[in-house]
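Following: one structure in structure tokens, then a few remarks.
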Amino acid sequence: MGCLKGIIRLIVIILVIMGFFYFDGPGFIKERIDEYRSPAKEVLVQDEKDFGNLAYTSDDYKIQRSITMGGKRKLLITHIPSSQKISLIDIGNTTTINQADFYSTKIDLKLYQIMDTVKNYSAGIKDIEITQRGTILAKGKIVPYVNFSAKLKIFPLIKVNGTIAAYNTKNADDGIVTKIGKKIMQTKEDTSTKIVLSAKIFNNYKFNITEDLIKSISFIGI
């Protein structure tokens, strides 16, 4: 009897799998994921308002949501004319790094920790050197940044140049935390650091592309 039940269960599982593919289940899932990652801009602006108001970003910047694990929310932004990638990352707290660190030598020590936290480079980087420090005036907020150069661990001859900036904002509490990738429980009183990270290998990195994006983010009322 137990053997018969096992056979019936196996047949049911096979039929479910066959039905899933017959009715284009993978296509349906892909469509839902694409809708989440690349919604209409007005939807994304509303859902991700705790990153700042992104409504004023140029159409040269394509914004997508990343489905991430481990509680790190991330927006992946591509500057279409240059293909330069910029990430906006909510690291979930203000202790790993915050704006004040950029005005002291703490940032020098925390750069490796940041790179390890956000894991943008699976190969890893070493020999990070800060090449410039400054601030950018966005709409309603001063955003500190550092430009850096580094080497890839597995290919030390390949150089990476980029920018890391940070700003602190309150997190929205309007039900959006139940969406994919938003595992951190948030309230209107919760504040977290948002990291801006962009880099490219060799000398292809353009700071002004990252700077222009930051300048377009409005923080008035946040």
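Below, all heavy atoms of this structure are taken into account, side chains as well, without hydrogens, waters or symmetry copies.
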**Asked** Taking C-beta and beyond as the side chain, do T135 and Q99 meet within less than 4.5 Å on heavy atoms?
**Response** no
**Message:** Please find the pair of heavy atoms, one from L75 and one from L54, that lie closest to each other, and give the distance.
**Reply:** CD1-CD1, 3.6 Å
**Item:** Heavy-atom pair of closest approach, residues Q84 and N204
**Value:** OE1-O, 4.1 Å
**Request:** Go through the steps for F51 and D90 under the test side chain to side chain contact (heavy atoms under 4.5 Å, CB included), then give the verdict.
**Result:** CA-CA 8 Å; F51 277 97; D90 183 354; 3.9 Å; yes
**Message:** A quick test of your reading: do over 12 heavy atoms of other residues, nucleotides or ligands sit less than 6.0 Å from NZ of K41?
**Reply:** yes
**Message:** Using side chain to side chain donor-acceptor pair (under 3.5 Å), reason through K194 and T169 one step at a time and then give a plain yes or no.
**Reply:** CA-CA 7 Å; K194 278 69 174 179; T169 61; 2.8 Å; yes
**Message:** Can you confirm whether K85 sits close enough to S198 that some side-chain heavy atom of one is under 4.5 Å from a side-chain heavy atom of the other?
**Reply:** no
**Complete:** Given the options N53, V143, L88, I217 meets side chain to side chain contact (heavy atoms under 4.5 Å, CB included) only with L88
**Request:** Compute whether any side-chain donor of one residue and acceptor of the other, for T193 and N168, lie under 3.5 angstrom apart.
**Result:** yes
**Message:** Before we go on, tell me: are the rings of F219 and Y167 under 6.0 Å apart, centre to centre?
**Reply:** yes
**Request:** For the residue pair V146 and T163, establish whether any side-chain heavy-atom pair is separated by less than 4.5 Å.
**Result:** no
**Fill in**
Rounded to the nearest 0.5 angstrom, the CD1-CD1 distance for I214 and I136 is 4.0 Å
**Item:** Between NZ on residue K110 and OG on residue S104, distance to nearest 0.5 Å
**Value:** 8.0 Å
**Asked** What closest approach, in Å, do A166 and I195 show between heavy atoms, and which atom pair accounts for it?
**Response** CB-CD1, 4.1 Å
**Message:** Could you go through V196 and I164, starting from their C-alpha distance and side-chain angles, then the distance that decides it, and tell me whether this counts as side chain to side chain contact (heavy atoms under 4.5 Å, CB included)?
**Reply:** CA-CA 6 Å; V196 183; I164 292 180; over 6 Å; no
**Distance, nearest 0.5 Å, that separates NZ of K126 from CG of L152** = 10.0 Å
**Prompt:** With a 4.5 Å limit on heavy-atom distance, are the side chains of D47 and R65 in contact?
**Reply:** yes
**Message:** Determine whether Q132 and Y145 satisfy the following criterion, side chain to side chain contact (heavy atoms under 4.5 Å, CB included), listing intermediate values before the conclusion.
**Reply:** CA-CA 8 Å; Q132 182 180 352; Y145 74 89; 3.0 Å; yes
**Item:** Close side-chain approach of T210 to Y205, heavy-atom, < 4.5 Å
**Value:** yes
**Item:** N161/S149 under side chain to side chain donor-acceptor pair (under 3.5 Å): CA gap, chis, key distance, verdict
**Value:** CA-CA 4 Å; N161 294 303; S149 66; 4.5 Å; no
**Asked** Can you tell me how far the CD1 atom of I77 sits from the OH atom of Y61, to the nearest 0.5 Å?
**Response** 9.0 Å
**Connected via hydrophobic side-chain network under 4.5 Å: I154 and I158** = yes
**Message:** Could you see if L213 belongs to whatever hydrophobic cluster contains I80? Use Ile, Leu, Val, Met, Phe, Trp, Tyr and a side-chain cutoff under 4.5 Å.
**Reply:** no
**Over 12 foreign heavy atoms within 6.0 Å of CG, N208** = yes
**Prompt:** Using links of under 4.5 Å between side-chain heavy atoms of ILVMFWY residues, direct or through other members, which residues join Y103 in one cluster?
**Reply:** L137, I142
**Request:** Please check if I130 and I97 belong to a single hydrophobic cluster, counting links between Ile, Leu, Val, Met, Phe, Trp and Tyr side chain heavy atoms closer than 4.5 Å.
**Result:** yes
**Prompt:** Should T78 and K62 be marked as a side chain to side chain donor-acceptor pair (under 3.5 Å) after you check the CA-CA gap, both sets of side-chain angles, and the distance that decides it?
**Reply:** CA-CA 5 Å; T78 302; K62 179 182 179 181; over 6 Å; no
**Message:** Does this structure show an ion pair linking D212 with K206, if we count only N-O contacts that are shorter than 4.0 Å?
**Reply:** no
**Request:** Would you check, one step at a time, whether the test salt bridge (Lys or Arg N to Asp or Glu O under 4.0 Å) holds for K159 with D127?
**Result:** CA-CA 10 Å; K159 197 171 186 179; D127 299 338; over 6 Å; no
**Message:** Can you tell me how far apart NZ (K74) and CD1 (I89) are? Round to the nearest 0.5 Å.
**Reply:** 5.5 Å
**Item:** Y56 side, atom OH; K139 side, atom NZ - distance, nearest 0.5 Å
**Value:** 8.0 Å
**Asked** Are I86 and L197 close enough, and set up right, to give a side chain to side chain contact (heavy atoms under 4.5 Å, CB included), and what steps lead you there?
**Response** CA-CA 6 Å; I86 305 168; L197 173 61; over 6 Å; no
